[in-house]
Number of protein chains: 2
Amino acid sequence: MRDRLTERQNQVYEFLRDYVRRQGKPPTIKEVGQSLGIRSTNGVHKMLVVLEKKGYITRTPNEARGLELVDDVGFGAEEAPGVLMLKLTEGVGRRARRMTSETADHPLPRSRRPLLIDPGLVPDDVDLDDCLGVVAADDGMNGAGVRKGDLVVVEECHWRDVSNGATAAVLFFDRVVIRRFELANGRLHFRAADRTYADEAIRPDDPEFFVIGRALAMMRPLT
Amino acid sequence: MRDRLTERQNQVYEFLRDYVRRQGKPPTIKEVGQSLGIRSTNGVHKMLVVLEKKGYITRTPNEARGLELVDDVGFGAEEAPGVLMLKLTEGVGRRARRMTSETADHPLPRSRRPLLIDPGLVPDDVDLDDCLGVVAADDGMNGAGVRKGDLVVVEECHWRDVSNGATAAVLFFDRVVIRRFELANGRLHFRAADRTYADEAIRPDDPEFFVIGRALAMMRPLT
DNA sequence: CCTCAAAGTGAAAATCATTTCACCTGTTCT
DNA sequence: AGAACAGGTGAAATGATTTTCACTTTGAGG
């Protein structure tokens, strides 16, 4: 386990991360200082040394912009059992991290390597930091082209923010299913696109169901 | 249209591109020189000025590693008309460039931004440099979960290298379709997974058909 | 033959970036 | 109270990088 960062150190780390995402290259020490209000390059320098010691970045001595983010795991722990979770991030090298528990034997992204998703697959206004990937647990949306085992990119949000008719990812007992969402008569309706699967109409407070968020995109390796 | 590059200039450009892919940041002038056997930093410098003038890169004066590839086109020109082509690449921020002609109005990756695909979606032994993306032109593989408009990642190869039963991307007149491939009796069979679409059996030298390669993965934005 | 453009060489100037040195200010912990 | 640590300030030293200057080489064309 990596050493914990202090508040300030985390600010620095986040700046580095964001800068790299935006600019496609690491910042100089001065740039870091300017953004975080540290007037002395040395102040930043020492901060970087600490980040390196704690394992968050690696540095190349005497090199301009000579730092690199350590490809990390540990973006925020896990929740639903048996669910493959991915944490998506954005940037030049827009990447997403798999935080997973169960790797299962999905032919999907193996290893702990970051998972990439093209931002173009997702609407502009979506913050990829709010997104995660799930694996569809059944063929309920087969009729809409989403099959069991498909990797679905979900923007986490409250069910109130899912519009009627949109596709949602729902935690159904302990499986993640994809369904068409609708709010009617104070009930949440989850409609499958496949006759074989029953539609569900539940009360918002039903503990057996949990709307993870909007389904934005899907991907699948072809056999 | 962008100015054409000389042999040498192209070598420099390719080096820059490869370096950025691998290292996630642009090289210094000296690094470029070392790799291309140019002893004088000035030699490289002038080369970069030319690349900038011709529109292949942008530079920031007096900045270490202050250059950026112009998010480009020009990876190798285009072929099939009306086909959205993507060139996939790998690297730190594994990215892929869209080389396309027709942007069409696909809700797929917009803009000229690179397209990303997670390497985990594709077998290990595949060289992402040999891959490109195409948009399925019909619903012939609907039964197999690939629908019209889906972005399909294809590894370019000769039809001889597509194994029987594998999914292939085929240039059919001037549209790209996805089909199950089979070689039998000296003929190439393209089978749709949807009854509505007729199977095709052609001679290998049929000019109307062209096997682009193996289909490896697909992705789709969800409405 | 002369000229021009592409591609270099070498070295010196001018910046930019990282590192080091000396010291300061709170806070936390013993 | 005193030590230890996080987080800074400023300035100076040392490298790294980019730019500029003055010249050379080679090949294609007028």
Side-chain angles (χ1 to χ4, degrees), chain A residues 1-70, chain B residues 1-20 22-70 74:
Chain A
M1 182 41 102
R2 212 175 330 199
D3 269 347
R4 254 193 131 34
L5 295 181
T6 64
E7 179 77 26
R8 190 57 164 158
Q9 286 161 5
N10 192 52
Q11 283 173 26
V12 175
Y13 177 74
E14 286 184 352
F15 172 76
L16 297 181
R17 192 197 52 191
D18 291 346
Y19 188 104
V20 170
R21 286 178 185 175
R22 305 229 138 69
Q23 314 293 342
K25 61 189 170 197
T28 62
I29 287 186
K30 205 207 285 175
E31 286 170 328
V32 177
Q34 272 166 356
S35 285
L36 299 186
I38 302 175
R39 264 168 301 195
S40 171
T41 54
N42 184 34
V44 177
H45 180 258
K46 292 206 293 202
M47 209 98 276
L48 295 183
V49 171
V50 174
L51 284 181
E52 182 176 34
K53 198 168 306 176
K54 292 195 177 179
Y56 287 78
I57 63 174
T58 57
R59 297 180 337 114
T60 311
N62 294 324
E63 190 188 83
R65 301 170 192 274
L67 73 89
E68 218 173 303
L69 300 185
V70 168
Chain B
M1 186 34 107
R2 211 179 320 207
D3 270 346
R4 252 191 133 37
L5 295 181
T6 64
E7 180 77 25
R8 191 56 163 159
Q9 287 161 3
N10 192 52
Q11 283 173 27
V12 175
Y13 178 74
E14 286 183 353
F15 172 77
L16 297 180
R17 191 197 55 193
D18 292 345
Y19 188 103
V20 170
R22 305 228 138 70
Q23 313 293 343
K25 62 188 171 198
T28 61
I29 288 186
K30 205 207 286 175
E31 286 170 328
V32 177
Q34 273 167 356
S35 286
L36 299 186
I38 302 175
R39 266 167 300 194
S40 170
T41 55
N42 185 35
V44 177
H45 180 258
K46 293 206 292 202
M47 208 98 277
L48 295 183
V49 171
V50 173
L51 283 181
E52 183 177 32
K53 198 166 306 177
K54 292 195 176 180
Y56 289 78
I57 63 174
T58 57
R59 296 178 339 113
T60 312
N62 294 323
E63 191 188 83
R65 300 169 192 276
L67 72 91
E68 217 174 303
L69 300 186
V70 168

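Since we're looking at a predicted model, the values are computed, not measured. The sequence lines fix the lettering, A, B, ..., with proteins before strands; numbering per chain opens at 1. Hydrogens, waters and symmetry mates are skipped; everything else that's a heavy atom, side chains included, is used.
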Worksheet entry | From A/Glu31 atom CD to B/Glu63 atom CD, the distance as rounded to the nearest 0.5 Å | 6.0 Å
Discussion item. So, OP1 or OP2 of C/dA7: does either fall under 4.0 Å of a side-chain N or O from B/Gln11?
Written reply: no
Quick one: which protein N/O atoms are closer than 3.5 Å to N/O atoms of nucleotides 26-30 of chain D? Pair and distance per line, please.
none

Fill in: Residue pairs, two or more places apart or on separate chains, that pass salt bridge (Lys or Arg N to Asp or Glu O under 4.0 Å) and touch residues 35-53 of chain B
B/Glu52-B/Arg59
Discussion item. Measure NZ/B/Lys53 against P/C/dA6 and give the value in whole Å, please.
Written reply: 9 Å
Response to the item:
Here the residues of residues 39-47 of chain B within 4.0 Å heavy-atom distance, strictly under, of DNA chain D are B/Thr41, B/Asn42, B/His45
Worksheet, complete the sentence: Here the pair of heavy atoms bringing B/Lys25 nearest to A/Gly66 is NZ-CA, 4.2 Å
Worksheet entry | Inter-end axis angle, the helix from C/dC1-D/dG30 to C/dT30-D/dA1, with every axis fitted to five base pairs (rounded, 10 degrees) | 20°
Discussion item. Ignoring hydrogens, what is the shortest heavy-atom contact between A/Ile29 and A/Thr41? Give both atom names and the distance.
Written reply: CG2-O, 3.4 Å
Practice prompt. Could you grab the distance from atom CZ of B/Arg17 to atom CD of B/Glu14, nearest 0.5 Å is fine?
Written response: 5.0 Å
Worksheet item: Quick one: is A/Arg65 getting a side-chain N or O under 4.0 Å of the C/dT18 phosphate, OP1 or OP2?
Response: no
Worksheet item: Rounded to the Å, how far apart are A/Asn10 CG and D/dG7 P?
Response: 11 Å
Worksheet item: Looking at CE of A/Met47 and CD1 of A/Ile38, how far apart are the two atoms once the value is rounded to the nearest 0.5 Å?
Response: 6.5 Å
Worksheet item: Going from OG1 on B/Thr28 to CZ on A/Arg65, what distance comes out if it is rounded to the nearest 0.5 angstrom?
Response: 12.0 Å
Worksheet, complete the sentence: Looking only at heavy atoms, the pair that brings B/Pro27 and B/Val32 closest together is CG-CG2, 3.7 Å
Worksheet item: Rounded to whole angstroms, how far apart are CG on A/Leu48 and P on D/dG7?
Response: 12 Å
Fill in: Short side-chain N/O contact to D/dT18 OP1/OP2 from B/Arg59, under 4.0 Å
no
Item to complete: Starting from the C-alpha separation in whole Å, work towards a yes-or-no answer on side-chain contact (heavy atoms from CB on, under 4.5 Å) for A/Val50 and A/Val12.
Response: CA-CA 11 Å; A/Val50 174; A/Val12 175; over 6 Å; no
Worksheet item: For residues 27-36 of chain A, which residues have at least one heavy atom under 4.0 Å from DNA chain D?
Response: none
Practice prompt. Rounded to the nearest 0.5 Å, what's the gap from CG on A/Leu48 to CG on A/Asn42? Could you check?
Written response: 10.5 Å
Look for any protein N or O under 3.5 Å of an N or O in nucleotides 25-30 of chain C and output each such pair with its distance, or none.
none

Worksheet item: DNA chain C: A/Asn62 or B/Ile38, which has the more 5' nearest nucleotide?
Response: B/Ile38
Fill in: Euclidean distance, B/Thr58 OG1 relative to B/Leu67 CG, rounded to 0.5 Å
7.5 Å
Discussion item. Does B/Glu68 have more than 12 heavy atoms from other residues, nucleotides or ligands lying within 6.0 Å of its CD?
Written reply: no
